[in-house]
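Notes follow once the structure below has been shown.
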Amino acid sequence: MVERLRNYIGGEWVEAGGRDWSPVHNPATCELLAECPESGAGDVDLAVQSAQEAFGEWRRTPVLERAQFMHHFKNLVEDRFDDLAEVVVRENGKTLDEARGEVRRGIESIDFGIGVPFMMRNDGVEDISSGIDETTVRQPVGVFAAITPFNFPFMVPIWFLPTAITCGNTFILKPSPQTPLSMQLTCELIDELDLPEGVVNLVHGGVTSAQAIMEHPGIAGVSFVGSSPVAKIIYETCTRNGKRVQAQGGAKNYIAVLPDADMESSVKNVLGAAYGCAGQRCLAAAVAVGVGDAYDRLRDELVNQVAGLRVGYGLDETSQMGTVVSAQARERIVNMITEGEREGATISLDGRDLQVEGYEDGMFVGPTILEDVTPDMSVAREEIFGPVLSLMRADSYDEAVELINHSNYGNAASIFTSSGAHARDFKYRVNAGNIGVNIGVAAPSASFPFGGQKDSFFGDLHGQGLDSIDFFTDRKVVIERWFEG
Amino acid sequence: MTPLNTFGAIMTQAIGLEEGLADYYERAGNSDQASACARRRQKMMRIRREAVLEITLEAIDGLDSDDYALDLEDVSESGQALAASTAARFYREVAPGMNVRQARRALERAAREHAGQ
């Protein structure tokens, strides 16, 4: 019988109160891996009560001890590294290399959490006035929650959890119901840490539990990663309910390739950026703009290299691209390619009918290249979140920058060039939160903030980096004077 | 034909190669080489876990595991020399395809060690 997942609340594995279950499939083999409960407001409330009860003891736990838990957590994750990577492949469909890379990036965030004692220090001034000292202290805030997506089922939750709890907060995690197993295993590891009960809680579910998190008065702040329409709802609902919120949304990331770029190396990297994780990442390259005569060379080299990509089951290490996450995702991606074709794009490489031997029912979409894409087409404006790269022409570098800045999204943008002047200008003028120079996936490491601009981000403080310390703490100012004698 | 077309495929091939060679040298009575292979296997497993940088994962082409098949039956001196040179050639040829410096360095060093340098 297939496993029915349980919530982890107050240090116990407990049944969710709801009666609805959603299947968790391996998107390559279609094997039913587990059933995920739809937790309701009552389950969220239990988790919040548990987290609130734990908060008092946890915030009094010295920060060095809290950081020590993160050392142990890191060791447990390292010990189970290969198991975690395999779970990511099985529930998400990406390749083993990509899953290992994801777990490694998660470990970077645990490393960052270990550094919280240093980053929580604050400053002060003696004699700000005569005999009066003024200092700031950072304090944890209370209960935080994270609502996380299917595309990085291990890494994204771990962007938030280590920093939040090492700062002294308690935490509720609601992973995507499509990919809950990575966090199920992670919480089994967390259970081994013997943290005080309630410091970390796992609540499974979809919209109902997310709504309950957004509205619960006991939750001080919410971190979210997902699509832009949902990010906007999360931001508006959470702020209306008095919470701090960081909501990272979708993207339409552009890459400008200039005539002076090293074309072979650039295309190799663009390929990884467009088709890595089957295009299901918020930093995926979606549109490549060839400037001047770079366009034809870019297209030829892309078609040449992409045609050789080996698509297959992620656990086969020779697979260079895996599946998309679900049948619905595949249908949406295929429909968007068809819509692009209807609007006038030319399909140079068509992945819609790809079949992988041995996995004929798998959720595969082959790497796809759309040519002659213009800014008004849906494939240039809307997030596809699949292995589809649209090619656009620009007569000049300035026109390429205009095309990029015209997008409603602003998560990432990259330039491939050997010109320092163009690279500098690109960094300066392009409106995106993450800029790549000869890097197709401009993914900030854990010590840098990760956040987009425009419709790619709703909030003030980004995830990761020092922004996350500000997000997960309050600064209190202490002004003190001691009377003599 | 098994293509060595990804970071993981190359590292897994290296781990398997060292595992096979550790056993082979043990049977050949060459315990120093056997333990060196066992140590390298551990190192390659660590590299596979640690040196995989998601943002620079790129396709690798032109390499196939069949080109590095080892004869692990012949434990004679000449057999051992052939095994060592095949292993050295494997590492020498796969190292340039790695775009993570830590991994490339480890593979280059393994090539030198198998070549007795």
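Taken to the nearest 0.5 Å, the CD atom of A:Glu91 stands 11.5 Å off from the CZ atom of A:Phe154. Between the CG atom in B:Asn5 and the CG atom in B:Leu63 there is a gap of 9.0 Å [rounded to 0.5 Å]. Here the straight-line distance linking atom CZ of A:Phe448 with atom CD of A:Gln464 works out to 10.5 Å at 0.5 Å rounding.
Of the atoms belonging to A:Asp316, not a single heavy atom falls under 4.5 Å from chain B. Using a 4.5 Å cut-off between heavy atoms, B:Ile60 contacts chain A through its backbone alone, with no side-chain atom that close. When heavy atoms are compared at a cutoff of 4.5 Å, A:Arg104 approaches chain B solely by way of its side chain, counted from C-beta outward. Contact annotation for A:Glu78: both backbone and side-chain heavy atoms come within less than 4.5 Å of a heavy atom of chain B. Using a 4.5 Å cut-off between heavy atoms, A:Thr95 makes no contact with chain B at all.
The closest side-chain heavy-atom distance from A:Tyr275 to A:Leu389 is below 4.5 Å. By the 4.5 Å heavy-atom criterion applied to side chains, A:Thr318 and B:Thr6 are not counted as neighbours. A 4.5 Å side-chain heavy-atom check between A:Ile107 and A:Phe81 finds at least one atom pair inside the cut-off.
Using a 4.0 Å cut-off between charged nitrogen and carboxylate oxygen, B:Glu113 and B:Arg109 count as a salt-bridge pair. Between A:Asp300 and A:Arg297, none of the side-chain N atoms (NZ, or NE/NH1/NH2) sits under 4.0 Å from a carboxylate O, so this pair counts as no salt bridge.
By the neighbour-count criterion of 12 heavy atoms within 6.0 Å, atom CD of B:Gln102 is densely surrounded, having more than that number from other residues, nucleotides or ligands.
Ranking B:Leu4, B:Thr12, B:Ile10 against chain A, the residue ahead of the rest is B:Thr12, based on heavy-atom pairs under 4.5 Å.
Close approach to chain A, defined as a heavy atom under 4.5 Å from one of its heavy atoms, is seen in B:Arg48, B:Arg49, B:Glu50 of residues 34-51 of chain B, taken by number.
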